[in-house]
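One structure is given here, and the rest of the page talks about it.
Note that the structure is predicted; figures quoted are calculated from it, not measured. The chain is numbered in sequence order, starting from 1. FYI, side chains are in, hydrogens and waters are out, and symmetry mates aren't considered; it's all heavy atoms of this structure.
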Amino acid sequence: KARRYEFTDKEWELVQPLIPISHTGYPQKDIRAHLNGILWLARSGARWSDLPARFGPHQTVYSCFCRWRDDGTLKKIFELCAAPGTGTELSMDSTSIKASVQAGRGKESEQNSDINSIGKTRGGLNTKIHAIVGKDLRPVTFLLSAGNVDDCTEAVHLLKLLPDLKDCDILADKAYGTKEIRTYLHEQSARYTIPPKVNTKQPWLFDKETYKRRNVIERFFNRLKEFRRAETRYDKRDDSFLAFVMVAAICVAFSILHI
């Protein structure tokens, strides 16, 4: 029987075909245990060396994590359970993530803050997770930026990650009501439900009842932050942190699908 925060038998049946088999070195004895170890780390926020023995040697689990991060395996698993990003109602927003001292330590992190998506704010070092979520609370896509970057700056880059915006209705707060974002959505034949700012010279109409459903992305972020590796950034590398965000999102999506 699967323990808490581990893949159930039905979930494993869906995930297993997506995991490549390594043909070099010693054959892996229990890939499922290694994957469950990554889930345990995402939930607990513990160090790799604190990984319980039932998941296998922490060096082996870390090697699997790096390989699945780099070859796109974790992304494929995420796409398996993600919400469809076409012809539907989608909510867009960002959330700030506190970066630990270890994540922002070193000359490389200071010199390449843009590359590492860590920025200085009044609250210290932060990273932003920009996300698009479906109306059923399942995530669609993610993007990282430094914590001192405005939401509207990354909005078009985030929207370009979607395969097709035609007939989509994008729900977002006032920060996304810039002319650039609205023009891009119009060019993509998409609708938007974004309230104008108070000082807007030519305010537009929006459906207040539809806008109320934007709360799904706030609820998603609350569930995502139950996983400590997504709530706080411990990783220096963007791809490692984003991989843990995906792992947390996979768990959230599977819990919604009740598989």
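Proximity of H34 to I38: side-chain heavy atoms (C-beta onward) are nowhere separated by under 4.5 Å. The shortest distance between side-chain heavy atoms of V156 and E180 falls below 4.5 Å. No side-chain heavy atom of R191 sits under 4.5 Å from any side-chain heavy atom of L185. Using a 4.5 Å heavy-atom threshold, the side chains of V247 and L39 count as touching. Annotation: side chain of K197 is in contact with side chain of T200 (closest heavy-atom distance under 4.5 Å). Counting heavy atoms from C-beta on, the side chains of D93 and D151 come closer than 4.5 Å. Between L242 and L143, every side-chain heavy-atom pair lies at or beyond the 4.5 Å cut-off.
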Are T60 and F55 close enough, and set up right, to give a side chain to side chain contact (heavy atoms under 4.5 Å, CB included), and what steps lead you there? CA-CA 9 Å; T60 304; F55 299 118; over 6 Å; no
Working for side chain to side chain contact (heavy atoms under 4.5 Å, CB included), residues E154 and V149: CA-CA 8 Å; E154 299 294 331; V149 174; 3.8 Å; yes
Please determine whether salt bridge (Lys or Arg N to Asp or Glu O under 4.0 Å) holds for the pair E79 and K76, giving the CA-CA distance in whole Å, both sets of side-chain angles, and the decisive distance to 0.1 Å. CA-CA 5 Å; E79 291 172 348; K76 290 177 182 177; over 6 Å; no
Candidate pair K98 and T127, rule side-chain hydrogen bond (donor to acceptor under 3.5 Å, both in side chains), full reasoning: CA-CA 6 Å; K98 184 75 174 178; T127 292; over 6 Å; no
Passes side chain to side chain contact (heavy atoms under 4.5 Å, CB included), V245 versus I97? Steps please. CA-CA 11 Å; V245 172; I97 303 297; over 6 Å; no
Under the side chain to side chain contact (heavy atoms under 4.5 Å, CB included) criterion, do I31 and C64 qualify, and how do the steps go? CA-CA 9 Å; I31 298 176; C64 290; over 6 Å; no
Determine whether N148 and T121 satisfy the following criterion, side-chain hydrogen bond (donor to acceptor under 3.5 Å, both in side chains), listing intermediate values before the conclusion. CA-CA 6 Å; N148 52 3; T121 64; over 6 Å; no
Determine, stepwise, if the pair R214 / S91 fulfils side-chain hydrogen bond (donor to acceptor under 3.5 Å, both in side chains). CA-CA 6 Å; R214 193 193 69 85; S91 296; over 6 Å; no
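No chain of hydrophobic side-chain contacts below 4.5 Å, direct or via other Ile, Leu, Val, Met, Phe, Trp or Tyr residues, connects L90 to F78. Taken together through direct or relayed side-chain contacts under 4.5 Å among Ile, Leu, Val, Met, Phe, Trp and Tyr, V252 and I132 form parts of separate hydrophobic clusters. No chain of hydrophobic side-chain contacts below 4.5 Å, direct or via other Ile, Leu, Val, Met, Phe, Trp or Tyr residues, connects I77 to V140. Cluster membership check: I250 shares its hydrophobic cluster with L35, using side-chain heavy-atom separations under 4.5 Å among Ile, Leu, Val, Met, Phe, Trp and Tyr. Residues L159 and F142 fall into different hydrophobic clusters, defined by Ile, Leu, Val, Met, Phe, Trp and Tyr side chains chained together at heavy-atom separations under 4.5 Å.
Atom CD of E218 has more than 12 neighbouring heavy atoms from other residues, nucleotides or ligands inside a 6.0 Å radius. At most 12 non-hydrogen atoms from other residues, nucleotides or ligands lie less than 6.0 angstrom from NZ of K135. The environment of Y62 atom OH is sparse: at most 12 non-hydrogen atoms of other residues, nucleotides or ligands sit within 6.0 angstrom.
A donor-acceptor pair is defined here as one N or O able to donate and one able to accept, closer than 3.5 Å; no such pair exists between the side chain of D150 and the backbone of T153. R138 contributes a side-chain N or O that, together with a main-chain N or O of C81, makes up a donor-acceptor pair within less than 3.5 Å. One N or O on the side chain of S44 and one on the backbone of A46 form a donor-acceptor pair closer than 3.5 Å.
Taken to the nearest 0.5 Å, the CZ atom of R67 stands 10.0 Å off from the CD1 atom of I19. Annotation: the span from L257 atom CG to S255 atom OG amounts to 8.0 Å, rounded to 0.5 Å. Rounding to the nearest 0.5 angstrom, the gap separating the NZ atom in K128 from the CD1 atom in I118 is 15.0 Å. Rounding to the nearest 0.5 Å gives a distance of 6.0 Å between OG of S117 and CZ of R233. Atom CD1 of I194 and atom CD1 of I170 lie 8.0 Å apart (nearest 0.5 Å). Separating the OG1 atom in T8 from the CD atom in E13 is a distance of 8.5 Å, to the nearest 0.5 Å.
Checked for salt-bridge contact, D235 and R237 miss the test: no charged N lies under 4.0 Å from a carboxylate O. Note on D207 versus R213: no salt bridge recorded, every NZ/NE/NH1/NH2 to OD/OE distance being 4.0 Å or above. A salt bridge does not link D164 to K166: none of the charged side-chain nitrogens sits closer than 4.0 Å to a carboxylate oxygen. With respect to the salt-bridge test (charged N to carboxylate O, under 4.0 angstrom), the residues R32 and D9 qualify. No salt bridge links E226 with R223; every basic N to acidic carboxylate O contact stays at or beyond 4.0 Å. Checked for salt-bridge contact, E6 and R54 meet the test: a charged N lies under 4.0 Å from a carboxylate O.
Between A103 and K236, the shortest heavy-atom distance links the atoms O-CG, 3.5 Å. Minimum interatomic distance between F221 and I129 (heavy atoms only, all atoms of both residues): CZ-O, 3.9 Å. Here the shortest heavy-atom pairing between P20 and D71 reads CG-OD2, 3.6 Å. Nearest heavy-atom pair across A83 and D136 is CB-OD1, 4.0 Å. The shortest non-hydrogen separation linking L144 to H130 is C-CD2, 4.4 Å. The minimum heavy-atom distance between W48 and H58, with the atom names listed, is O-CB, 2.9 Å.
Ring geometry, F254 versus F7: the interplanar angle exceeds 60°, so the pair is classed perpendicular (tilted spans 30 to 60°). In this structure, Y192 and W204 have perpendicular ring planes: the angle between them is above 60°, well past the 30° mark.
With F244 as the partner, the ring-ring contact (aromatic ring centres under 6.0 Å, His included) test is satisfied by one option alone out of Y234, F227, F65, W40: F65.
Judged by distance alone, the side chains of T210 and D169 never bring a donor and an acceptor atom under 3.5 Å apart. Side-chain contact annotation: K225 with T232, donor-acceptor N/O pair under 3.5 Å absent.
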